[in-house]
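Bear in mind the structure is a predicted one, so any value in this text is a computation, not a measurement. Just so we're on the same page: letters track the sequence lines, and every chain starts at 1.
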Protein chains: 2
Amino acid sequence: MDDDQLSRVRRFNRAVTHRIGVLDGNYLGSGRPLGEARLLFEIGRDGTTVRDLRARLGLDSGYISRMLRAFEAEGLTTSTPDARDARVRRVTLTPQGRREWDMLDQRSRDRAAALLEPLGLSQRQRLLDAMAEVERFLRASAVVIEPADPFSDEVQACLQAYFQELAARFDTGFDPTRSAPAEPGELVPPSGWFLLARLDGAAVGCGALKIKGDGYGEIKRMWVAPSVRGLGVAQRLLRALEERATAAGVDILQLDTNGSLTEARKLYARNGYGEIPPYNDNPYAQHWFEKRGLQRLR
Amino acid sequence: MDDDQLSRVRRFNRAVTHRIGVLDGNYLGSGRPLGEARLLFEIGRDGTTVRDLRARLGLDSGYISRMLRAFEAEGLTTSTPDARDARVRRVTLTPQGRREWDMLDQRSRDRAAALLEPLGLSQRQRLLDAMAEVERFLRASAVVIEPADPFSDEVQACLQAYFQELAARFDTGFDPTRSAPAEPGELVPPSGWFLLARLDGAAVGCGALKIKGDGYGEIKRMWVAPSVRGLGVAQRLLRALEERATAAGVDILQLDTNGSLTEARKLYARNGYGEIPPYNDNPYAQHWFEKRGLQRLR
DNA sequence: CCATATTTCTGACTTTAGTCAGGTAATATT
DNA sequence: AATATTACCTGACTAAAGTCAGAAATATGG
């Protein structure tokens, strides 16, 4: 990887932790240690469960428990067993706790304001735009792609979202049972793969590979959640599927797609897929693509 | 201030501390507490003085001293009195210390690489560009403008840089003694002001105001260091000078400038200064500007 | 109902990070 | 030469942050 690029990233990290981290440490200004301030803030105006706090802050349960006990002693929070699972405790702010929370919130707001305040209007806008851009790509870089069980609930939820989107975008609506089938059972090794793109654990995209024998394979179920579009996730999914296909001896990869999915068609064209005559009678397919010679490129 | 803008800044802060801050705490992965890792890293391959470390990290001298003692016990560093001032101690890494340092450096590099690695080429470039932009504007927002003593060394150094730049940019060269004079003594209240723009304490720009009586004032010595140009520092300096002028009863502000300083002329035009006939015989001036009615706008 | 897993709590710890009040040696100032 | 200042060190202290090993209550799958 380019050395200059790396040092630019490192410089950014330093600059940001210097300017923001410094100010961020000033949660402190609240007269509360950082740990407590973070916890209190994380409880939020509407409360949460201890479980959730532990996950979000990544802290030891004993540590959290003790801080919560201290908050209760101060009259900032109350806790009750969760309605659905009495092992789980639900933490809520008391009115007094909410006042403290508001103060922290205000502090955080002031901090942000202090950053923008010295800048002129156009500089502010440019900073905000650049921030949004950085944020998007940091998000993109946190997306991981990994195989998943096509029978699992989370994959089903992902497919559900996919089908719903197709139904919304196709003029004709979309009925999965009329489409070219891809049973979950076909998408597990050795006859196929199902890949999931995850952001912080949550599914934000998927793609499947069906190995058909005689060197043929087919790409199915390519979908990326709207929240992470334009960040190259589909590209990465496609590449990952191609790698699995190549490793499984596939030489010719095919796929079908609808005319309304213009981004998808561009993606395939960019990756060396050429349009071919229909190879199936999927009523929703309007374009068929093929990429040959995967084994040669191995 | 716009509420939406504030929440965008806060979102960015959260995202960055989440994605980078988390990893940054992983200096930790070194098996060393954060404080020690930071100190070791800050010593650098070529060593520094304890004094410098204290200033850069903002830590208590006792704290640093103890950590350094621990490093010495581990055989990571050695320290010797500084050649020029024997009170100052110079800390250097031993070969073993340098190995640890290299490891930390490598870790930091890997971290940066892990961030870029999942992205495609164009996404990488866009992320790096956005990072640079954010960094620039964070720097801009850290610039503070405040009155300074025009006799002080740092102001003299600033003016020196200013004159040097004029000499380089003017076809004719530049000799301060031939220019329209502005003695330091004229630039202290009540007859004037000298403002300095500072970034982390260091001077990065200046501007002066000369109050001439009868409602007349003159802007002098406007200069911004190349490192922070295009970030609105000159604009802020100008506004600050105008405020002082207005408060001092000035109604008409004048200034002269050279034709080669195009950015300066744009700045003045944008701020309501109109070109007027020469009001002095400064041999380096080619354009004269004036803004009237400061008291009206008060 | 039983065996097992989850979730939280408690108490007893350790480590990390930092502060503060002197003390010593070298340097600067008058 | 006397005095003040600077740079660093030492030792004694504290608060914050975090870890670990159970215990108790509840849930879950058979």
Side-chain angles (χ1 to χ4, degrees), chain A residues 17 21-22 24-43 47-74 76-92 104 153, chain B residues 17 21-22 24-43 47-74 76-92 104 153:
Chain A
T17 47
V22 163
D24 223 3
N26 273 6
Y27 265 79
L28 290 168
S30 62
R32 228 169 242 298
L34 184 66
E36 286 187 8
R38 283 209 304 160
L39 182 61
L40 192 60
F41 199 75
E42 212 59 36
I43 291 171
T48 16
T49 61
V50 174
R51 190 181 200 244
D52 193 47
L53 289 172
R54 203 180 40 208
R56 285 221 297 272
L57 294 166
L59 298 176
D60 178 83
S61 84
Y63 185 23
I64 288 195
S65 181
R66 217 161 319 105
M67 282 197 278
L68 288 176
R69 214 70 337 101
F71 286 162
E72 276 173 35
E74 281 189 83
L76 300 178
T77 63
T78 51
S79 69
T80 48
D82 188 78
R84 283 193 312 211
D85 183 341
R87 290 171 304 184
V88 175
R89 302 229 92 195
R90 188 147 258 299
V91 187
T92 350
L104 285 175
D153 289 351
Chain B
T17 47
V22 164
D24 224 3
N26 272 7
Y27 267 69
L28 290 168
S30 61
R32 226 170 243 299
L34 185 67
E36 285 187 10
R38 283 209 304 159
L39 182 60
L40 192 59
F41 199 76
E42 213 58 37
I43 291 171
T48 17
T49 61
V50 173
R51 188 184 203 241
D52 194 47
L53 289 172
R54 208 178 34 213
R56 285 221 297 272
L57 293 166
L59 299 176
D60 179 82
S61 86
Y63 185 24
I64 288 195
S65 181
R66 216 160 320 105
M67 282 196 280
L68 288 176
R69 218 65 340 100
F71 286 161
E72 276 173 35
E74 282 189 83
L76 299 178
T77 64
T78 50
S79 69
T80 48
D82 188 76
R84 284 194 312 213
D85 183 341
R87 289 171 303 183
V88 175
R89 301 230 93 197
R90 188 148 259 296
V91 188
T92 351
L104 286 175
D153 289 350

Margin query: Applying the side chain to side chain contact (heavy atoms under 4.5 Å, CB included) criterion to Val91(B), which one of Leu68(B), Leu76(B), Thr48(B) satisfies it?
Written below: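 The side chain to side chain contact (heavy atoms under 4.5 Å, CB included) with Val91(B) is passed solely by Leu68(B) among Leu68(B), Leu76(B), Thr48(B).
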How many whole angstroms separate atom [atom1] of [X] from atom [atom2] of [N]?
X        : N       : atom1 : atom2 : result
Arg90(A) : dT7(C)  : CZ    : P     : 15 Å
Arg54(A) : dT7(C)  : CZ    : C1'   : 6 Å
Glu72(B) : dC9(D)  : CD    : C1'   : 11 Å
Leu57(A) : dG18(D) : CG    : P     : 10 Å
Arg84(A) : dT7(C)  : CZ    : C1'   : 15 Å

Next item on the list: Hey, which sits more toward the 5' end of DNA chain D by its nearest nucleotide, Asp85(A) or Ile64(B)?
Entry: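 By nearest-heavy-atom nucleotide position, the 5'-most residue is Ile64(B).
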Next item on the list: Please figure out whether Thr49(B) or Ser61(A) has its closest DNA chain D nucleotide nearer the 5' end.
Entry: Thr49(B)
Next item on the list: Using distance alone, with no hydrogens and no angle criterion, decide if Ser79(B) and Glu72(B) have a side-chain donor and acceptor under 3.5 Å apart.
Entry: yes
Note to self: Distance check, rounded to the nearest 0.5 Å: Arg89(B) atom CZ versus Asp52(B) atom CG?
What the structure shows: 16.0 Å
With a 4.0 Å limit, can you tell me whether [X] has a side-chain N or O closer than that to the phosphate oxygens OP1/OP2 of [N]?
X        : N       : value
Arg51(A) : dT6(C)  : no
Arg87(A) : dA27(D) : no
Arg69(B) : dT10(D) : yes

Margin query: I need a per-nucleotide contact map over nucleotides 11-19 of chain C, read 5' to 3'. Cutoff is protein heavy atoms under 4.0 Å; write B for the base, S for backbone only, - otherwise.
Written below: BB---SSBB
Minimum heavy-atom separation for [X] to [Y], with atom names?
X        : Y        : result
Ala86(B) : Pro81(B) : O-CB, 3.9 Å
Ile64(B) : Leu59(B) : CG1-CB, 3.9 Å
Phe71(A) : Arg32(A) : CE2-NH1, 3.8 Å

Notebook entry, point to check: So, the side chain of Arg38(A) versus the backbone of Leu57(A): is there a donor-acceptor pair under 3.5 Å, distance only?
Noted result: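 No, the answer is negative, given that no donor and acceptor are paired below the 3.5 Å cut-off.
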Notebook entry, point to check: Side-chain donor or acceptor of Arg89(A) under 3.5 Å from a matching atom on the base of dT8(C)?
Noted result: no
